[in-house]
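Contents: one structure, followed by commentary.
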Amino acid sequence: MQFRNVSILGLSHVDAPHRVASADMCARLAPTLERLGMRPDLLESASGIVARRYWDPGTQPSEVAALAAEKAIESAGVDRSRIGIIINTSVCRDYIEPSTACLVHNRLGLPAECLNFDLGNACLAFMSAMEVVGNMIERGQIDYGLIANGESARFVQDATIDRLLGPDTTEEEFRSQFATLTLGSGAAAMVMSRSDLAPDGHRFLGVVNRAATQHSGLCKGQVDEMRTDAKALLFAGLGLATETYAEAKDAFGWDGGNVDEFVLHQVSGTHTAMLCQTLGLDPDKVMAIFPEFGNIGPASVPIVLSKAAESGRIRKGQRVALMGIGSGLNCSMAEVVW
């Protein structure tokens, strides 16, 4: 889908306050690592993730999603009474029902006319919501739309470590739950707008998507447990990304050299390096946040984009490619002209 009148007007991220080192996690897991003959620094050496962040105990996803949304609304300078939709895209949720979007809508004091719902598409949900809001703006249904996301890795990681410390845990079980330990916490939000109402906005040109749902069994997550065939998922994801990149190059005219920044959903060091190698992306054009923040799920792409903008890494008029792969498998790529 190509958009002609859609822009990003406000963007924000919030870092969770508590840094949790991979070395500290491995220290908690030391009895199991030693019994299974695994390296004592396995988590950092295998993933490249040095640390991730935690919220205070008891912090709810809606709370931090609303915090990021307040910042995005403020940066957009838009009257919240004009926001026509809010979509929450968090994998983590306060409850099965109501939707987390309801809770964020209430926290923000959004108007009764503002449509609200959750959108679930694993680590791609934020980018999927950008496409939904973009379509609604392009059709003239709304003038402004808000997307919010809050992720918390604390509960699932504590539950996973407790389980892995069991005396009967096998190497196979350990490896299938390893990816859970790479997750991180964070929040992000974005206000999108009609371009003609946002002279200082950043043009959102559109999205291309590809699916490979024959791989839907490779990563399955519950509230307290996630099991992943990491190796198979890596190679299936790289294959799907290659197909999607070919379509994106046709859609947006990318030749690799004419894109100024690649904003990637970052899973690990191995994943990021192999994605760059496979697609021929210049690693110098990739801002890596995984070493200090881990895999923040659907918040990863907007957080990287927000950090890149905040640091001055991307500048007005530059071409920015957004790229994500989510469990299922699905892949999306999009372009923003900053």
Side-chain angles (χ1 to χ4, degrees), residues 14-36 38-68 88-96 100 103 120 122-123 125 149-188 219-230 233 266-269 289-300 303 327:
V14 180
D15 292 334
H18 304 292
R19 183 179 186 272
V20 180
S22 293
D24 293 336
M25 276 193 168
C26 282
R28 292 173 63 186
L29 286 164
T32 299
L33 292 172
E34 184 175 355
R35 180 171 60 79
L36 297 177
M38 295 177 166
R39 296 178 54 159
D41 64 344
L42 178 67
L43 184 48
E44 182 176 335
S45 62
S47 70
I49 293 170
V50 180
R52 77 282 297 132
R53 298 296 190 277
Y54 278 178
W55 304 106
D56 291 339
T59 301
Q60 294 280 20
S62 68
E63 185 180 341
V64 294
L67 190 61
N88 178 77
T89 64
S90 312
V91 170
C92 298
R93 302 184 57 174
D94 297 34
Y95 310 104
I96 293 176
T100 306
L103 304 173
C123 293
N149 196 110
E151 302 296 342
S152 178
R154 180 189 287 268
F155 178 76
V156 68
Q157 289 183 337
D158 280 344
T160 298
I161 290 172
D162 288 346
R163 193 165 43 248
L164 294 178
L165 285 172
D168 299 324
T169 297
T170 65
E171 181 175 342
E172 181 181 4
E173 288 171 334
F174 190 100
R175 295 194 182 283
S176 73
Q177 298 175 65
F178 178 83
T180 312
L181 305 177
T182 68
L183 299 175
S185 305
C219 179
K220 297 177 180 177
Q222 299 286 1
V223 173
D224 62 347
E225 182 177 4
M226 185 173 78
R227 289 183 180 264
T228 304
D229 184 338
L233 189 68
Q266 295 170 31
V267 176
S268 68
I289 69 165
F290 68 84
E292 275 297 316
F293 294 93
N295 174 7
I296 322 176
S300 177
I303 287 177
S327 296

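What you see below is based on every heavy atom in this structure, not just the backbone, and it leaves out hydrogens, waters and symmetry mates.
Counting only heavy atoms from C-beta outward, the side chains of Ser22 and Arg52 approach each other to under 4.5 Å. Taking 4.5 Å as the limit, every side-chain heavy atom of Gln177 sits out of range of all side-chain heavy atoms of Val156. Side-chain contact between Ser47 and Thr182 is present, with at least one heavy-atom pair separated by less than 4.5 Å. Between Leu43 and Ile49, every side-chain heavy-atom pair lies at or beyond the 4.5 Å cut-off. You'll find the side chain of Val64 reaches within 4.5 Å of the side chain of Thr59, heavy atoms only. No side-chain heavy atom of Ile296 sits under 4.5 Å from any side-chain heavy atom of Phe290.
Scanning for salt bridge (Lys or Arg N to Asp or Glu O under 4.0 Å) contacts around Asp94 gives an empty result, with sequence neighbours left out. Shown here are the salt bridge (Lys or Arg N to Asp or Glu O under 4.0 Å) partners of Arg35, two or more places apart in sequence or in another chain: there are none. Shown here are the salt bridge (Lys or Arg N to Asp or Glu O under 4.0 Å) partners of Asp162, two or more places apart in sequence or in another chain: there are none.
Residues Gln266 and Ser300 come closest through the heavy atom pair N-OG, 3.2 Å. Across every non-hydrogen atom of Leu183 and Gln157, the tightest pair is O-NE2, 2.9 Å. When all heavy atoms of Asn88 and Ser90 are compared, the pair lying nearest together is OD1-OG, 3.1 Å. Closest of all the heavy-atom pairs between Trp55 and Ser185 is NE1-CB, 3.5 Å. Of all heavy-atom pairs between Pro61 and Gly150, the closest is CB-O, 3.5 Å. Here the shortest heavy-atom pairing between Met25 and Leu181 reads SD-O, 4.0 Å.
Checked by atom type and distance alone, the side chain of Thr169 never pairs as donor or acceptor with a backbone atom of Leu165 at under 3.5 Å. With Glu151 contributing its side chain and Val91 its backbone, the two residues share a donor-acceptor pair below 3.5 Å. Arg53 places a side-chain N or O within donor-acceptor distance of the main-chain N or O of Glu292, the cut-off being under 3.5 Å. Without hydrogens or angle criteria, Arg163 side chain to Asp224 main chain gives a donor-acceptor distance under 3.5 Å. Counting only distance, with no hydrogens or angles, the side chain of Glu44 and the backbone of Asp41 share no donor-acceptor pair below 3.5 Å.
Annotation: the span from Asp24 atom CG to Leu29 atom CG amounts to 11.5 Å, rounded to 0.5 Å. Note that OG of Ser268 is 8.5 Å distant from CG of Asn295, once rounded to the nearest 0.5 Å. Once rounded to the nearest 0.5 Å, the distance linking CZ of Arg39 with CG of Leu33 reads 11.0 Å. The distance from atom OG of Ser176 to atom CD of Glu225, rounded to the nearest 0.5 Å, is 7.5 Å.
The residue from Glu173, Glu172, Glu171 that alone fulfils the salt bridge (charged side-chain N to carboxylate O under 4.0 Å, His left out) condition with Arg175 is Glu171.
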Check your understanding: Stepwise, does the side-chain contact (heavy atoms from CB on, under 4.5 Å) test hold for Asp56 with Arg154?
Key -> CA-CA 9 Å; Asp56 291 339; Arg154 180 189 287 268; 5.7 Å; no
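Side chain to side chain, Thr180 and Arg227 fail the donor-acceptor criterion of an N or O pair below 3.5 Å.
With salt bridges taken as basic N to acidic carboxylate O contacts below 4.0 Å, one links Arg28 and Asp158.
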